[in-house]
Amino acid sequence: PREAVALQLKCLEKGKIEDAYQMNSTANKNRWCGADRFATVLRSHGDFRRLLEEPAIVGTSEVKNGIATVLVSLPAEKEGSDSVGLLWTMIAEITDESNKVNWRTEKVGMSH
């Protein structure tokens, strides 16, 4: 799951929004209703917008019963401020005819 999150983050940082969107789970893509809306929401939120502009640090992950969480952090924007912690929830999903299981982003939220 850490590698999948790192790849999705790299796509966001490089402006490959459609590629990053395709790394979401089927249910998550259905909630977004398309890559354009996905991009609009990312650009409208200060912390998520930073994922489009700078590298994030992929931290630890935990896996249990086909669900994983991965911690991601962004450094403090200015001296005296806190770093930003994000929590990726990933699911193991069969995404094509090969029956290969891939880790896909189900949701992303703020970590505490």
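Since the model is a prediction, treat every value here as computed from it, not as a measurement.
- The closest donor-acceptor contact from the side chain of Arg49 to the backbone of Arg43 lies under 3.5 Å.
- Interatomic distance, CD1 of Ile67 versus OG1 of Thr89, reported as 8.0 Å (0.5 Å rounding).
- A 6.0 Å sphere centred on CG of Asp36 holds no more than 12 heavy atoms belonging to other residues, nucleotides or ligands.
- If you chain together hydrophobic residues whose side chains sit under 4.5 Å apart, Val84 and Leu51 fall into the same group.
- Remark: the backbone N or O of Thr26 is not paired with any side-chain donor or acceptor of Arg31 at under 3.5 angstrom.
- Taking a 6.0 Å sphere around CD of Glu62, one finds it holds 12 or fewer heavy atoms contributed by other residues, nucleotides or ligands.
- Using modelled atom types and a 3.5 Å distance limit, the side chains of Glu93 and Ser25 yield no donor-acceptor pair.
- Note on Leu87 and Trp103: separate hydrophobic clusters, where clusters join Ile, Leu, Val, Met, Phe, Trp and Tyr whose side-chain heavy atoms are under 4.5 Å apart, directly or indirectly.
- Side-chain contact between Leu74 and Ile57 is absent, with no heavy-atom pair separated by less than 4.5 Å.
- Summarising the geometry of Pro75 relative to Glu54, their closest heavy-atom pair is CD-OE2, 3.9 Å, with the distance given to 0.1 Å.
- In this structure a side-chain-to-backbone donor-acceptor pair under 3.5 Å is missing from Tyr21 to Phe38.
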As a quick check of understanding, evaluate side chain to side chain contact (heavy atoms under 4.5 Å, CB included) for Met90 and Thr69, giving each step before the final call. CA-CA 6 Å; Met90 309 289 287; Thr69 55; over 6 Å; no

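- At a cut-off of 3.5 Å, with distance as the only test, no side-chain donor of Glu106 or Asn24 sits close to an acceptor on the other residue.
- Of the inter-residue distances, the one linking Ser44 atom OG with Leu42 atom CG reads 8.0 Å to the nearest 0.5 angstrom.
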**Item:** Derivation and outcome, side chain to side chain contact (heavy atoms under 4.5 Å, CB included), residues Leu12 and Ile17
**Value:** CA-CA 6 Å; Leu12 291 172; Ile17 301 295; 4.1 Å; yes

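- Two residues are said to be in side-chain contact when any heavy atoms from C-beta on lie closer than 4.5 Å; Val72 and Val5 meet this criterion.
- Linking ILVMFWY residues whenever their side-chain heavy atoms come closer than 4.5 Å, directly or via other members, places Phe48 and Val70 in the same cluster.
- Looking at Leu71 and Ser61, their side chains never come closer than 4.5 Å, going by heavy atoms from C-beta outward.
- Between the CG atom in Leu86 and the CZ atom in Arg50 there is a gap of 9.0 Å [rounded to 0.5 Å].
- Not a single donor-acceptor pair under 3.5 Å links the side chain of Arg104 to the backbone N or O of Ala92.
- Using a distance-only test at 3.5 Å, with no hydrogens or angles considered, no donor-acceptor pair links the side chain of Asp19 to the main chain of Lys16.
- No single ILVMFWY cluster, assembled from side-chain heavy atoms under 4.5 Å apart, contains both Met23 and Val108.
- Of the charged side-chain nitrogens involved, at least one lies within less than 4.0 Å of a carboxylate oxygen, so that Lys10 and Glu13 count as a salt-bridged pair.
- When the side chains of ILVMFWY residues are joined at heavy-atom separations under 4.5 Å, either directly or via intervening members, Leu52 and Leu7 end up in two distinct hydrophobic clusters.
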For side chain to side chain contact (heavy atoms under 4.5 Å, CB included), just list the numbers for Thr105 and Ile91, CA-CA rounded to whole Å, side-chain angles, deciding distance to a tenth of an Å, and then say yes or no. CA-CA 7 Å; Thr105 302; Ile91 62 168; over 6 Å; no

